[in-house]
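Quick notes on the structure that follows.
This chain uses plain numbering: 1 for the first residue, then up along the sequence.
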Amino acid sequence: LIDFVWLEWLNKLGGVLLYTALYLAVFSVLLFYGSSSHILPGSAIESSKTYKFIEPWGPAVINELAKLIPIFKDMFVQLEAFFGRLTH
């Protein structure tokens, strides 16, 4: 019983950390798409206190996903080129 009680809090903490990392990864990819397609205004990006910490995860998440799923290979480069053509 004591072992079960001690492991329960560790299990909950692990779940919180896992879901936090998952949500941050998804949010960073959405921020990447939003900033690349200029949906997010520059003033919002400049006034954000967390953007500079979360946004760089987007390309890293896409590149790591490419290692696991081959269809995502070079997706980051292709998306940057696509969004570059949209803005010009």
Side-chain angles (χ1 to χ4, degrees):
L1 182 65
I2 291 174
D3 288 338
F4 177 74
V5 171
W6 283 107
L7 291 178
E8 183 177 343
W9 73 269
L10 186 61
N11 187 23
K12 288 181 181 181
L13 178 64
V16 167
L17 293 176
L18 179 67
Y19 277 106
T20 301
L22 180 64
Y23 283 121
L24 282 175
V26 170
F27 187 58
S28 67
V29 170
L30 292 175
L31 280 178
F32 164 72
Y33 289 140
S35 64
S36 296
S37 63
H38 300 287
I39 292 173
L40 297 173
S43 60
I45 292 172
E46 290 173 11
S47 66
S48 174
K49 296 188 186 330
T50 58
Y51 178 83
K52 62 184 173 187
F53 298 112
I54 297 173
E55 191 272 335
W57 286 25
V61 168
I62 292 172
N63 288 333
E64 289 301 316
L65 195 56
K67 292 178 183 176
L68 297 173
I69 304 170
I71 196 167
F72 290 112
K73 186 174 176 77
D74 298 325
M75 180 181 262
F76 177 67
V77 175
Q78 293 171 2
L79 287 171
E80 278 188 323
F82 174 75
F83 287 125
R85 286 191 306 265
L86 283 180
T87 59
H88 294 292

#### Entry: Results of side-chain contact (heavy atoms from CB on, under 4.5 Å) for Thr50 - residues two or more places apart only
Ser48, Ile54
## Note on the structure
Hits for side-chain contact (heavy atoms from CB on, under 4.5 Å) against Pro56, two or more places apart or cross-chain, chain-then-number order -> none
### Message
Give me the atom names and distance for the closest heavy-atom approach of Gly58 to Ser28.
### Response
N-OG, 3.3 Å
## Note on the structure
Besides Leu30, the hydrophobic cluster formed by Ile, Leu, Val, Met, Phe, Trp and Tyr side chains linked at under 4.5 Å, directly or via other members, contains Val26
### Query
Going from CG on Leu18 to OH on Tyr23, what distance comes out if it is rounded to the nearest 0.5 angstrom?
10.5 Å
### Task
Any pair with a residue in residues 11-37 that passes salt bridge (Lys or Arg N to Asp or Glu O under 4.0 Å), sequence neighbours left out, goes on the list, sorted by first then second residue, please.
Glu8-Lys12
### Query
Partners of Phe53 by side-chain contact (heavy atoms from CB on, under 4.5 Å), sequence neighbours excluded?
none
### Pair listing, salt bridge (Lys or Arg N to Asp or Glu O under 4.0 Å) test, anchored in residues 37-65, at least two apart
Glu64-Lys67
### Task
Would you please name every residue forming a side-chain contact (heavy atoms from CB on, under 4.5 Å) with Leu13, sequence neighbours left out?
Trp9, Leu17
### For Ser35, side-chain hydrogen bond (donor to acceptor under 3.5 Å, both in side chains) partners two or more places apart
Tyr51
